[in-house]
Amino acid sequence: MKARTKKWLRRCAVAAAALVAAAALVFVAALFYYDREVAQQFEGRRWTLPAKVYAAPLELYAGLPFSSADLLAELSRLHYREAAELTRPGTYRRRRGRFEVAVRAVRFADEQRPAQVVAVTIEGGAVTSVRDARNQDIPVFRLDPQLIGSIFPIHGEDRIVLTPEEVPPLLPAAIKAVEDRKFDSHHGVDFQAIARAMWVNLRAGRVEQGGSTLTQQLVKSYFLDGRRTLGRKLEEAMMALALEARYDKRDLMTAYINEIYLGQQGDRAIHGFGLASQFWFGKPLDEVDLSELALLVAIVRGPPYYDARRHPARALERRNLVLRILAQQHIVTEEQAQAAAKKPLGIAARPSGGYYPAYLDFVRQTLRRDYKEADLTESGLSVFTSFDPRAQLAAEQAIEGELTRLDGARKPPAGQAGLEGAAIVTLPQSGEVIAMVGGRNVNFDGFNRALAGARPIGSLIKPFVYLAALETGRWNATSMLDDTPIEVALSKGKVWRPQNFSRNANGPVSMVRALSESLNLATVHLGLEVGVPKVAQMFTRFGLEQAPRPLPSLLLGAVDLPPIDVAQLYNGLANGGFHVPLRAVRAVIDERGERIGAYPVEIAPVAAPDAVYQLDRMMTYVIARGTGRAAAARLPRGLIVAGKTGSSSDLRDSWFAGFSGSHLAVVWIGYDDNRPTGVTGSGGSLHVWQRILSALDTTSWQPPMPESLEDMPIDYASGLRVTTGCSQDEVIVAVPRGTDTPFMAGCAPPSGIVDWVRGIIR
Amino acid sequence: MMHRAGGCLSLVLALALAACATPPYAPGPVPTSGTAGGEATGAGQPGAGAALPVPAPAPSPVPPPSPKSYRLSAATSALVTQARSATAKGDFDAAAATLERALRIEPDNPLVWIEMGRMRLASGDARQAENMGRRALSLAAGAPREQSGAWRLVADALRARGRNVEAQEASERADALAPP
């Protein structure tokens with residue numbers, strides 16, 4: 001009996017030991033498993049680093065027209081703070097026209113610029129000098145390029161990764177104080193905290209408190225999906241233990257700072273404190289002050305709930321709670337906390353590092369030609385573009401202002417969408433696109449009308465009809481065209497009877513008048529004589545991939561193009577007959593700063609420069625005299641610009657495309673469902689265009705006249721030559737030297753009697 | 001502005017005719033002065049005087065316009081120097097990027113285009129070199145020294161592509177404009 005009991009006990013003990021051993025084995029095996037799992041992922045998979053996209057930096061040099069107000073605006077856009085002492089980057093001080101700026105370190109495509117202090121002097125509306133700390137002249141100095149967005153993957157994770165050295169020491173201290181006080185001593189799981197949380201939750205009957213350590217939060221964010229089951233909790237705990245066993249606290253803290261989720265913008269998820277600082281405050285993390293840092297730590301608990309843009313009151317309350325905790329834990333002094341609590345939230349109005357969806361769309365289009373999707377979304381590239389935030393703002397405000405005005409005047413029926421618009425601004429000589437608006441809601445990452453909205457271009461085609469004519473040498477600006485009714489026989493016995501917008505025919509008109517008043521009949525007569533195929537070929541000559549079918553209706557613009565293609569065509573006109581592919585990307589560098597992509601300017605002559613010059617001169621009269629004259633009075637005084645209005649049949653589309661000496665802008669307005677707008681090219685788009693050009697710091701169109709041409713004053717209505725001051729209605733056109741245009745009666749110089757007689761006969 | 005002769009006369013005329021319609025494009029003399037950026041001596045200052053209704057002076061005799069000449073501003077000239085040293089090291093991407101900074105500052109200066117073309121030629125892209133030479137040429141109307149430089153670039157680019165007859169013609173044009 002005794003022996004049996006003993007034996008039984010022994011068996012029991014053995015079984016128990018075996019059980020314990022098995023459990024221990026399972027635990028150890030699990031630990032090993034998770035250890036491997038964790039190690040593989042933690043080390044093998046680095047963070048996916050979406051490519052960062054940067055705007056063009058502002059170049060400062062002696063002679064640049066630039067006021068103190070301009071520089072202040074620029075510094076504020078880059079989130080520089082005024083300070084008495086320039087102890088850290090991102091600050092400046094000012095004494096009247098003299099600015100000292102402590103610029104941040106920047107890695108450009110072609111140089112690594114260290115943080116330094118530069119002195120910029122501005123006098124009489126221009127920069128007079130840029131000097132370094134030793135008072136040496138700097139011939140050209142680039143300010144920081146603004147981060148304008150990221151190319152993040154479908155799942156939307158966007159981040160900027162920081163090294164431990166780049167993290168202000170206060171941040172880890174604050175995170176620990178608020179989220180996990182025992183972080184430095186626990187082994188990944190804080191059982192006391194869990195027990196406390198369970199007790200609180202049991203009493204409350206719902207989940208009120210989490211007992212997760214930072215390590216567990218990291219695991220949850222890094223390895224697991226969002227489900228909250230007991231199995232998940234156990235798995236999370238095991239992984240946290242495995243992580244702690246393998247890595248030191250500093251690595252884990254760095255990982256946490258780079259991983260944690262801190263905000264949302266559409267599809268874009270803001271991860272890590274580096275990007276969060278840009279997202280919420282528009283500046284790097286090492287420049288945030290105590291109140292801002294406290295807000296970031298406050299948001300950790302629930303980014304949607306404590307969204308500082310949507311729920312500022314909630315966010316402010318929690319930020320001040322964080323500040324009180326920091327003071328209680330003696331991480332900051334009571335005075336510091338109280339001073340910080342008095343500050344406003346300090347949120348940047350527009351999330352920096354986003355959001356210009358139309359422009360980024362264009363950038364992505366370029367990059368997808370040359371890079372794999374994974375390289376763009378994961379490997380930490382930096383993309384430098386020609387984006388100009390000032391031009392973008394001007395274009396956005398012009399579109400929004402004009403559409404609001406038009407909708408107000410028009411009052412679209414309830415339930416119907418309002419007018420839409422798109423705009424593109426380029427630098428014609430280099431083909432760089434500096435601004436793009438894809439729709440009225442500029443923050444909406446949806447249909448990009450600037451790239452994809454193909455619509456009939458209407459009269460925007462006309463300059464190419466006239467260019468084809470000028471290139472033959474048989475016509476010039478003073479040539480008389482036939483603005484009379486015409487019937488064009490089409491296939492299958494159909495007849496095309498185009499009409500002028502006014503429904504009137506004007507008889508003989510000069511070419512310059514026919515273009516500036518956009519006369520359809522004169523243009524169809526001319527185009528048929530020149531040959532429609534010649535007009536169609538202009539599309540491919542000026543850089544489009546496809547020529548439209550050479551049908552007679554092409555002469556009045558019965559062809560659908562998106563604004564980007566119109567911009568490409570007109571860029572060649574603005575650039576003296578030279579084609580430059582439109583582009584947004586200047587250079588791409590990899591994570592180590594090596595240049596891996598360059599997109600230099602490529603140029604090709606596509607039209608005779610003297611023909612283009614004659615055409616451009618005529619196009620200045622569109623604004624001065626013709627369908628664009630409503631803009632003339634509102635443009636800066638004396639600015640010479642050239643352009644063309646366009647509208648499709650029944651006024652479904654309103655276009656304007658035009659250029660100054662240094663900028664080209666194309667504007668489209670219409671409804672998405674293609675119903676008539678009642679707005680002509682000169683009604684809607686012209687005003688947007690004029691607002692954009694007026695807001696830009698632009699120069700007159702006045703290239704040197706080709707030596708084969710000469711100026712000729714003519715009477716606008718009759719197209720006859722005059723001596724200066726003779727006609728009340730004089731325009732000066734450019735014609736080939738020796739052009740024999742007859743003089744107007746009474747306007748011939750004394751020797752020109754023969755011409756005078758010829759003028760009468762004509 | 002196109003022509004630079006008889007400034008006073010035309011200014012008087014301009015005032016006398018101020019009631020006339022203003023042509024948007026006003027060819028006529030404009031008092032020249034070096035801009036702070038100093039892109040073109042002899043070339044008009046962008047925007048300056050454009051609002052004036054400045055008619056051309058009486059048709060005959062028209063004094064021939066004095067030849068224009070261009071120089072680089074301090075900013076662009078520093079960038080050109082930097083680009084040349086990159087070209088010398090064979091770093092053509094960097095040279096191109098630096099020259100495009102210069103181009104953005106002075107997009108209408110034929111000297112910048114000639115410099116870009118020279119760099120492209122050094123990098124082996126003779127076709128672009130020629131096209132850039134032609135762009136420079138169209139910007140250099142009225143400026144014989146720059147035209148000559150542009151023709152020389154075109155000639156070298158053509159020669160690099162084995163088009164020797166055309167290259168010879170281009171060289172002769174260059175020599176006629178400014179003897180070597």
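Computed from a predicted model, the values in this text were never measured in an experiment. For the numbers below, each heavy atom of this structure counts, side chains included, while hydrogens, waters and symmetry mates do not. Chain A is the first sequence line, chain B the second, and so forth, proteins listed ahead of strands; every chain is numbered from 1.
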Inset, instruction - Quick one: do Glu432(A) and Arg586(A) satisfy salt bridge (charged side-chain N to carboxylate O under 4.0 Å, His left out)? Show the steps, please. - result: CA-CA 9 Å; Glu432(A) 292 184 311; Arg586(A) 290 178 178 173; 2.9 Å; yes
Inset, instruction - Measure the CZ-CG distance between Arg617(A) and Asp711(A) for me, rounded to the nearest 0.5 Å. - result: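 Reported value, rounded in 0.5 Å steps: 4.5 Å.
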Which atoms of [X] approach chain B - backbone, side chain, both or neither, heavy atom under 4.5 Å:
{"X": "Asn575(A)", "answer": "both"}
{"X": "Glu59(A)", "answer": "side chain"}
{"X": "Pro600(A)", "answer": "both"}
{"X": "Ala604(A)", "answer": "both"}

Legend entry - Closest-packed option against chain A by number of heavy-atom pairs under 4.5 Å, given Ala143(B), Ala78(B), Ala141(B):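 Most heavy-atom pairs within the cutoff with chain A belong to Ala141(B).
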Inset, instruction - Name the option with the most non-hydrogen atom pairs under 4.5 Å to chain A; the candidates are Arg134(B), Arg104(B), Glu130(B), Met132(B). - result: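 Of the options given, most contacts go to Arg104(B).
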Residue pair [X] / [Y]: nearest heavy atoms and the distance that separates them:
{"X": "Ala734(A)", "Y": "Gln614(A)", "answer": "O-CG, 3.5 Å"}
{"X": "Tyr613(A)", "Y": "Pro703(A)", "answer": "CE1-O, 3.6 Å"}
{"X": "Ser662(A)", "Y": "Leu427(A)", "answer": "O-CD2, 3.7 Å"}

Inset, instruction - Could you tell me which portion of Arg127(B) (side chain, backbone, both or neither) has an atom closer than 4.5 angstrom to a non-hydrogen atom of chain A? - result: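 The answer is neither part of Arg127(B).
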Inset, instruction - Quick one: list whatever passes ring-ring contact (aromatic ring centres under 6.0 Å, His included) with Phe141(A), sequence neighbours left out. - result: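 So Phe141(A) forms no ring-ring contact (aromatic ring centres under 6.0 Å, His included) with any residue.
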Inset, instruction - Using the test ring-ring contact (aromatic ring centres under 6.0 Å, His included), find all partners of Phe578(A) that sit at least two apart in sequence or belong to another chain. - result: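 Residues passing ring-ring contact (aromatic ring centres under 6.0 Å, His included) with Phe578(A): none at all.
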Inset, instruction - Using heavy atoms and a sub-4.5 Å threshold, report which of residues 84-103 of chain B line up against chain A, by residue number. - result: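 Residues of residues 84-103 of chain B touching chain A at under 4.5 Å: Asp93(B), Ala94(B), Ala96(B), Ala97(B), Thr98(B), Glu100(B), Arg101(B), Leu103(B).
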Legend entry - Those residues that, when tested against Ala632(A), pass side-chain contact (heavy atoms from CB on, under 4.5 Å) (two or more places apart):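 Listed in chain order: Ile623(A).
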Legend entry - Side-chain heavy-atom pair Pro110(B), Leu137(B) within 4.5 angstrom cut-off: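 Pro110(B) does not reach Leu137(B) side chain to side chain.
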Inset, instruction - Could you tell me which of Thr128(A), Ile603(A), Val140(A), Asp110(A) has the largest number of non-hydrogen atom pairs under 4.5 Å with chain B? - result: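 Result: the option with the highest number of such pairs is Ile603(A).
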Inset, instruction - Please say whether more than 12 non-hydrogen atoms of neighbouring residues, nucleotides or ligands are located less than 6.0 Å from CD in Glu123(A). - result: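 Atom CD in Glu123(A) is not crowded, with 12 or fewer foreign heavy atoms closer than 6.0 Å.
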